[in-house]
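First the proteins, then the strands, lettered A, B, ... as listed; each starts at 1. Basis for what follows: all heavy atoms, side chains included, without hydrogens, waters or symmetry-related copies.
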Amino acid sequence: MLRMSTLFLRTLREDPADAEVPSHRLLVRAGYVRRVAPGIYTWLPLGVRVLERVARVVRQEMDRMGGQEVLFPALLPREAYEKSGRWTEYGDNLFRLKDRKGGDYLLGPTHEEMFTTLVKGEYSSYKDLPVVLYQVQTKYRDEARPRAGVLRGREFVMKDSYSFDLDDEGLRVSYAKHRDAYIRTFDRLGMDYRIVAAVSGAMGGSASEEFLAVSPTGEDTFVSCTSCDYAANTEAVQVGAAAAQDPADHPAMQVLDTPDTPTIATLVADLRGKGHDVGPERTLKNVVVKLRHPDGRIEPLVVGVPGDREIDLKRLEANVSPAEVLPFEAADFASTPALVKGYIGPQVLADAKIRFLVDPLVVPGSAWVTGANEPGKHAVNVVSGRDFTPVGTVPAAEVRDGDPCPRCGSGLRIDRGIEIGHIFQLGRKYTDAFSLDVLGREGKPVRVTMGSYGIGVSRAVAAIAEQAHDDKGLVWPRSVSPVDVHVVRVGKFDTEGVAERIATELEERGLEVLLDDRGGSPGVAFKDAELLGVPTILVVGKALADGLVELRDRAAGTSRTLPVEEAVAAVLAEVRG
RNA sequence: CGGGGCGUAGCGUAGUGGCUAGCGCGCCUGCUUUGGGAGCAGGAGACCGCGGGUUCGAGUCCCGCCGCCCCGACCA
């Protein structure tokens, strides 16, 4: 039994000055964590309990789906990471250190290399597969900017698992099992989350989904359909496009003098003055960037998006991956006379041998107002497929609330989320790097394929806190509450030690109990109980004179009184649902 | 790395160049109090981030450094 009189806990009456987001504020105020360095936190007794309870749910679901737990060191030699290329690829985000002999070590940011070499060392037959191994481990990433308390730390607890399969079909099965296990896990943790399609990344073609806890403090932006179950990271979303139009429906292209109109807003105003009533959505904004391809080649690229939308560089980059997007600078304009800054139009790009891609919103046959490739001049009725022909399409425009869902056409909505899980069909990147083969049925070596799956355990604690709090404090879901019940003894009414007896009996019946036996003023006890956030609070106080106690529901904010002798049964019923 | 803000006791904070750096919370002692962060009395606790400078005098002004928080860049 935890007793408030001796529990290592100091709650704060005021918000810590350096905490802004609710989870950070409340976890510090309620005495769950303390900061040691940026992105590095100490877990105090109540915090450890929540962390352990989250980890317990994660382990149970991993075990249920057939995973086997192992534990790697966090301190790792350079060798394996050198072999995979990540010793350098990981850049400044990797904590590197040396031992006394000058040997290079690192603090593991993730363990693909270690799991791959472990399996390679132990297994060598197709009969051994599939296998799923996992660990719950402390990871280290020297983030450029840790933020929001434990939400984005440099040291954090993560469950990472890896599946090893003989072929792509096996990988799909392992992936599906993880997906189910994650759904069960996050359901049990009482989280409001979405599974969103993620960018497949440089590996190409690999399925990847993120589990996002819906929260305004989240760092990821995602869209979800208001009527079907489509959801995607904004970078990965494919917005439904309108139907193609007939170029013949539009009048001939016409060039107009539009002096001093380098921006969409100035252009629209100028055209209105000339009697052309076109809104920004009818203009074509042509943004120039440079692409750097993996082979080092750099090429200019012009991307056309409707003028009422910003270009989403992250989305563009995700869709031109593995090429990188670089800004097109003044010097680049100087060396490319075909591109007139502020007045770029696609009409001349083919002749200038500059690649032109359009966002799918720029449908074939549609007419636009766009630059005439001369300072101070724009052209109207510039028709796609007649006056210019894009090389192809690339999703690059910012996605907006209400854009059509690619699956059902209903409106999409935009929300933010905290990435609490990521499942990824990794493929053979690491098994190739480490030549992980097993002997197949035919006696020939088969290259193993991998999946990689993560759950941010410590981040989940913060994400739950983000979702489960009110103005009084935390409101833990039962599955992760530091204890099952918080027994509060207030005032001098309990001369018989009733609170103590009830707490003991609850513990004997298998519950974890926190007893506030401090005997201070009732206000303090009540405020602390609300701040700590245990979902069930049993108050033993003045109603005891009538043989009654009070059972409170922290989440609902309700309470009911009941006879003392029914207290234990009522709490048990409450906790065990 | 760019932009912004801030460093005063465990926490939150006040402090025109001029008394011994103030207040609230928390902490300690005693008495009172006990259903919504109690009252009274007494106490402990500060290298005012660090270094240099200006000045008769610096928490306060100047220069440099360090650290922290927020926004952005970054984040298999």
Engineer: Counting only heavy atoms not in A/K139 (residues, nucleotides, ligands), do more than 12 fall under 6.0 Å from its NZ?
Structural biologist: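 Yes.
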
Engineer: On the six-membered ring of A/F526, is A/R552 placed so that its NZ or CZ lies under 6.0 angstrom from the centre and within 45° of the ring axis?
Structural biologist: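 Yes; both conditions hold, so A/R552 lies above the ring face of A/F526.
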
Engineer: I'd like the P distance from B/C28 over to B/G15, given in whole Å.
Structural biologist: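 Going atom to atom, P in each nucleotide, I get 31 Å.
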
Engineer: Does B/A21 have a Watson-Crick or wobble mate here (both distances under 3.5 Å), and if so which one?
Structural biologist: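 WC or wobble partner does not exist here.
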
Engineer: With both distances under 3.5 Å as the test, what is the Watson-Crick or G-U wobble partner of B/C27?
Structural biologist: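 Result: B/G43.
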
Engineer: Considering only the C1' atoms, how many Å lie between B/G45 and B/C23, rounded to the nearest integer?
Structural biologist: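 Taking atom C1' in both B/G45 and B/C23, they lie 15 Å apart.
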
Engineer: B/C69, B/G37, B/U34: which one has an atom nearest the side-chain heavy atoms of A/T11?
Structural biologist: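 Between B/C69, B/G37, B/U34, the one nearest the side chain of A/T11 would be B/G37.
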
Engineer: Give the rounded distance in Å between these two atoms: CG of A/D494 and C1' of B/G35.
Structural biologist: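 My rounded result for the distance is 14 Å.
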
Engineer: Indicate whether any N or O donor in one side chain lies under 3.5 Å from an N or O acceptor in the other, for A/E112 and A/T110.
Structural biologist: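 Result is yes, a qualifying pair exists.
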
Engineer: With rounding to the closest Å, how many angstrom separate the P atoms on B/C48 and B/G64?
Structural biologist: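 Per the computed distance, 23 Å lies between those P atoms.
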
Engineer: Taking the six-membered ring for Trp and the single ring otherwise, decide whether the centroids of A/F115 and A/Y430 are under 6.0 Å apart.
Structural biologist: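 Not under 6.0 Å, so no.
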
Engineer: Evaluate the ring planes of A/Y182 and A/F186, with Trp represented by its six-membered ring, and classify them as parallel (under 30°), tilted (30 to 60°) or perpendicular (over 60°).
Structural biologist: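 A/Y182 vs A/F186 ring planes: perpendicular.
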
Engineer: Write down the distance between CZ (A/R25) and P (B/G12), rounded to a whole number of angstrom.
Structural biologist: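 Value for this atom pair: 14 Å.
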
Engineer: Under the 3.5 Å rule, do the base of B/G12 and the side chain of A/D15 count as making a donor-acceptor pair?
Structural biologist: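 Checked by distance alone, the answer is no.
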
Engineer: Classify A/G519 by what it touches in the nucleic acid, base, sugar-phosphate, or nothing, heavy-atom distance under 4.0 Å.
Structural biologist: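 If one applies the 4.0 Å heavy-atom cut-off, A/G519 turns out to touch a base.
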
Engineer: Which of these nucleotides, B/A76, B/G37, B/C11, is closest to any side-chain atom of A/R13?
Structural biologist: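 When the side chain of A/R13 is considered, B/G37 is the closest of B/A76, B/G37, B/C11.
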
Engineer: Check every strand shown and say whether A/A543 touches a base, only sugar-phosphate, or nothing at a heavy-atom separation below 4.0 Å.
Structural biologist: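 If one applies the 4.0 Å heavy-atom cut-off, A/A543 turns out to touch a base.
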
Engineer: Who does B/U16 pair with, Watson-Crick or G-U, both distances under 3.5 Å?
Structural biologist: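 Here B/U16 is not engaged in any pair, so there is no nucleotide opposite it.
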
Engineer: Would you mind reading off the distance between A/E143 atom CD and B/G72 atom C1', rounded to a whole angstrom?
Structural biologist: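 Result: 15 Å.
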
Engineer: Could you please name the partner base of B/G7, counting Watson-Crick and G-U wobble pairs only when both distances are under 3.5 Å?
Structural biologist: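 Per the H-bond distance test, B/C66.
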
Engineer: Rounded to whole Å, please give me the gap between CG in A/L151 and P in B/C71.
Structural biologist: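 Computing the A/L151:CG to B/C71:P distance gives 11 Å.
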
Engineer: When you match A/D160 and A/E530 each to their closest nucleotide on RNA chain B, which lands nearer the 5' end?
Structural biologist: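 Comparing both residues, the 5'-ward one is A/E530.
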
Engineer: Roughly how many Å is it from NZ in A/K542 to C1' in B/G35, rounded to a whole number?
Structural biologist: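 Answer to the nearest Å: 5 Å.
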
Engineer: Among B/C69, B/C70, B/G37, find the nucleotide with the atom closest to the side chain of A/R147.
Structural biologist: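 Nucleotide nearest to A/R147's side chain: B/C70.
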
Engineer: With rounding to the closest Å, how many angstrom separate the C1' atoms on B/G10 and B/G4?
Structural biologist: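 Those two atoms are separated by 29 Å.
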
Engineer: Among B/U34, B/C69, B/G35, which nucleotide has an atom closest to any side-chain atom of A/E20?
Structural biologist: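 Side chain of A/E20 sits closest to B/C69.
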
Engineer: For nucleotides B/G57 and B/C19, find the distance between their P atoms and express it as a whole number of Å.
Structural biologist: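 Result for the P pair: 15 Å, nearest Å.
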
Engineer: Say we look at B/G49 and B/G36: how far apart would their C1' atoms be, to the nearest angstrom?
Structural biologist: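 Per the computed distance, 39 Å lies between those C1' atoms.
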
Engineer: Would you call the rings of A/Y41 and A/H24 parallel, tilted or perpendicular, where under 30° means parallel and over 60° means perpendicular?
Structural biologist: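 The rings of A/Y41 and A/H24 stand perpendicular, inter-plane angle above 60°.
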
Engineer: What's A/A148 touching, base or sugar-phosphate or nothing? Going by heavy atoms closer than 4.0 Å.
Structural biologist: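 Sugar-phosphate contact only - A/A148 comes under 4.0 Å of backbone atoms but never of a base.
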
Engineer: Would you call A/D516-A/R3 a salt bridge at under 4.0 Å N-O?
Structural biologist: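 Salt bridge: no.
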
Engineer: Return the value, rounded to whole Å, for the distance between atom CG of A/L12 and atom C1' of B/G24.
Structural biologist: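 Rounded to whole Å, this separation is 14 Å.
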
Engineer: If you check the A/F526 side chain, which of B/A76, B/G35, B/C25 turns out closest?
Structural biologist: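 The answer is B/G35.
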
Engineer: Taking atom P in both B/C27 and B/C63, what distance in whole Å separates the two?
Structural biologist: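 Taking atom P in both B/C27 and B/C63, they lie 43 Å apart.
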
Engineer: Please report, rounded to the nearest Å, how far the P atom of B/G67 is from the CZ atom of A/R35.
Structural biologist: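 About 12 Å, once rounded to whole Å.
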
Engineer: Under 4.0 angstrom, heavy atoms only, what part of the nucleic acid is A/R552 near: base, sugar-phosphate, or nothing?
Structural biologist: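 The residue A/R552 makes base contact.
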
Engineer: Need one value for A/P38: base, sugar-phosphate or nothing, where a base atom within 4.0 Å counts as base even if backbone is also close, heavy atoms only.
Structural biologist: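 Sugar-phosphate contact only - A/P38 comes under 4.0 Å of backbone atoms but never of a base.
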
Engineer: If the C1' atom of B/A46 is compared with that of B/U20, how far apart are they to the nearest Å?
Structural biologist: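 That atom pair is separated by 14 Å.
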
Engineer: Suppose we define a pair by two distances each less than 3.5 Å, Watson-Crick or G-U wobble; what does B/G59 pair with here?
Structural biologist: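 Because no pair has both required distances under 3.5 Å, B/G59 counts as unpaired.
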
Engineer: Decide yes or no, distance alone: a donor-acceptor N/O pair under 3.5 angstrom between the base of B/G37 and the side-chain of A/R29.
Structural biologist: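 Result: at least one qualifying N/O pair found.
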
Engineer: Should we say atom CD of A/E79 is surrounded by more than 12 heavy atoms from elsewhere, each under 6.0 Å from it?
Structural biologist: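 Open: at most 12 neighbouring heavy atoms sit under 6.0 Å from CD of A/E79.
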
Engineer: Do A/E14 and B/G37 have a side chain to base donor-acceptor pair shorter than 3.5 Å?
Structural biologist: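 No, the side chain and the base share no sub-3.5 Å donor-acceptor pair.
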
Engineer: Is there a donor N/O on one and an acceptor N/O on the other, under 3.5 Å, for the side chain of A/R145 and the base of B/G2?
Structural biologist: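 No, the side chain and the base share no sub-3.5 Å donor-acceptor pair.
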
Engineer: Could you check whether A/A144 gets within reach of a base, just the sugar-phosphate, or nothing at all, counting any heavy atom under 4.0 Å?
Structural biologist: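 Base contact - A/A144 has a heavy atom under 4.0 Å of at least one base atom.
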
Engineer: Just the rounded figure in Å: distance from P of B/G67 to CD1 of A/I40.
Structural biologist: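 Going from CD1 in A/I40 over to P in B/G67 covers 14 Å.
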
Engineer: Given B/C69, B/G12, B/U34, which nucleotide is nearest the side-chain atoms of A/A17?
Structural biologist: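 Given the options B/C69, B/G12, B/U34, the side chain of A/A17 is closest to B/G12.
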
Engineer: Is there a Watson-Crick or G-U wobble partner for B/C74 with both distances under 3.5 Å, and which nucleotide is it?
Structural biologist: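 None - no nucleotide pairs with B/C74, as no candidate has both distances under 3.5 Å.
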
Engineer: Scan A/M158 against the nucleic acid and name what it touches under 4.0 Å (heavy atoms): base, sugar-phosphate only, or nothing.
Structural biologist: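 Contact class for A/M158: base.
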
Engineer: Counting the atoms with a prime plus P, OP1 and OP2 as sugar-phosphate, which does A/E550 contact under 4.0 Å by heavy atoms, base, sugar-phosphate, or nothing?
Structural biologist: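 The residue A/E550 makes base contact.
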
Engineer: Tell me which nucleotide, if any, is Watson-Crick or G-U wobble paired with B/G37 when both distances must be under 3.5 Å.
Structural biologist: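 Paired with no nucleotide.
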
Engineer: Compute both the distance and the angle, then confirm whether A/R49 meets the cation-pi test with A/W43: under 6.0 Å from the six-membered ring centre, within 45 degrees of the axis.
Structural biologist: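 Ring-cation test returns no.
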
Engineer: With nearest nucleotide decided by heavy atoms, which residue, A/S521 or A/F493, maps closer to the 5′ end of RNA chain B?
Structural biologist: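 Going by which nucleotide is closer to the 5' end, it is A/F493.
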
